Amino acid sequence: MLVADLMKLKNARVPTIRMSETVEMAATLLNRERIGAVVVKDACGSEGDTVVGIFSERDVVRAIAERGGAALKTSVADLMSRNMISCQMDDSVDQVRALMDEHHVRHLPVLEEHQLVGVLSIRDVLAHDVRLAASRAGAAMRPTTEGSALSA
C-alpha cells in the first residue's frame, strides 16, 4: 500500500502554523485539533506557504521543562524541528514505517512537488496494519467448499 492510499482515508484539511506564532498558540492549535504535531510554514510575504519545519507536543513539553511558563511566549521558530523528515505520495507504508523508526518521529509531512498535501502519523500506519491483519485473518477463517464436508 502507498502513502496515497492512506491519504484517501484522511481528512483533506491540514492544520499549519506560522513560524512567528507563539508556543502558546501552537499548543492551543494542537489541543483544539487533537493532533500531536503541526507543520510550520514561513512568515515571509513572498513565500508564505513554504514548509520550514514541524512542531510537536514533545517540543511544547521540552520547552516548558527547560524554560518554565515563559516558554509559552517563545516563538515556534525557536523550538521547531527544522530538519524535517517527510515522505511522498508514492512511498510505501513500509518505507514510512522505516523512516519513522529510523528518525524516531511519529509524524511525517507528505509533500508532492514541494507542496504540503497532508501529514501521516504513526496512528495512521498502525490503523493500516490492523486493517491488513484483520483482512488476512478474515481470509484465513473463510471456509472453502473444496474438500469440505458440505461439498460431499
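Quick caveat: nothing in here was measured; it's all calculated off a predicted structure.
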Problem - pair I35-R123: side-chain heavy atoms closer than 4.5 Å - result: no
Exercise for the section: Determine whether L99 and Q95 make a side-chain contact, defined as any pair of heavy atoms from C-beta on separated by less than 4.5 Å. Expected result: no
Problem - Atom of P109, atom of M84 and distance for their closest heavy-atom approach - result: CG-SD, 3.5 Å
Fill in the blank from the handout: Distance col, row D90:CG vs E112:CD, nearest 0.5 angstrom, shows 6.5 Å
Handout entry: Pairwise distance CD1(I54) to CD1(I17) - rounded to 0.5 angstrom
Key = 12.5 Å
Handout entry: Any donor-acceptor pair under 3.5 Å from R82 side chain to A77 backbone
Key = yes
Handout entry: From D124 atom CG to M7 atom CE, the distance as rounded to the nearest 0.5 Å
Key = 8.0 Å
Practice task
List the steps and the verdict of side chain to side chain contact (heavy atoms under 4.5 Å, CB included) for V125 and V93.
Solution key: CA-CA 7 Å; V125 174; V93 175; 4.1 Å; yes
Problem - V3 vs V96 side-chain heavy atoms within contact, under 4.5 Å - result: yes
Exercise for the section: Could you tell me whether the side chain of S135 and the main chain of R131 form a donor-acceptor pair under 3.5 Å? Expected result: no
Exercise for the section: Return yes if some donor-acceptor pair links the side-chain N/O of D91 with the main-chain N/O of Q88 below 3.5 Å, else return no. Expected result: yes
Handout entry: K10 side chain reached by L6 side chain, heavy atoms, under 4.5 Å
Key = no
Exercise for the section: Using the salt bridge (charged side-chain N to carboxylate O under 4.0 Å, His left out) rule, take R13 and E33 through it: C-alpha gap first, then chi angles, then the decisive distance, then the call. Expected result: CA-CA 11 Å; R13 192 171 140 297; E33 298 291 332; 2.7 Å; yes
Exercise for the section: Any chance you could lay out the side chain to side chain contact (heavy atoms under 4.5 Å, CB included) test for M1 and H128, step after step, and finish with the verdict? Expected result: CA-CA 9 Å; M1 179 170 276; H128 159 71; 3.3 Å; yes
Problem - Nearest heavy atoms of S75 and M19, plus distance in Å - result: CB-O, 4.0 Å
Fill in the blank from the handout: Distance col, row M80:CE vs S56:OG, nearest 0.5 angstrom, shows 12.5 Å
Exercise for the section: Find the distance between CG (D59) and CG (L79) and round it off to the nearest 0.5 Å. Expected result: 6.5 Å
Completion exercise
Nearest heavy-atom contact between A26 and V76 is CB-CG2, 3.8 Å
Problem - Interatomic spacing from CG in L126 to CZ in R97 - rounded to 0.5 Å - result: 8.0 Å
Handout entry: 4.5 Å side-chain heavy-atom contact, V117 and M89
Key = yes
Exercise for the section: Report yes or no: do V14 and L108 belong to one cluster of Ile/Leu/Val/Met/Phe/Trp/Tyr joined by side chain heavy-atom distances under 4.5 Å? Expected result: no
Practice task
State plainly whether the residues E57 and R62 are in salt-bridge range, i.e. N to O under 4.0 Å.
Solution key: no
Practice task
Please lay out, stage by stage, how L30 and V38 fare under the test side chain to side chain contact (heavy atoms under 4.5 Å, CB included).
Solution key: CA-CA 7 Å; L30 292 170; V38 63; 4.1 Å; yes
Exercise for the section: Find out whether V119 and V110 are in side-chain contact, i.e. whether some heavy atom of one side chain is under 4.5 Å from a heavy atom of the other. Expected result: no
Handout entry: Closest non-hydrogen atom pair, L116 against T16
Key = CD2-CG2, 3.7 Å
Problem - Side chain to side chain, V23 and K73, heavy atoms closer than 4.5 Å - result: no
Handout entry: Side-chain touch V51/V40, heavy atoms, less than 4.5 angstrom
Key = no
Problem - Where M100 and R106 come nearest, the two heavy atoms and their spacing - result: CE-O, 3.7 Å
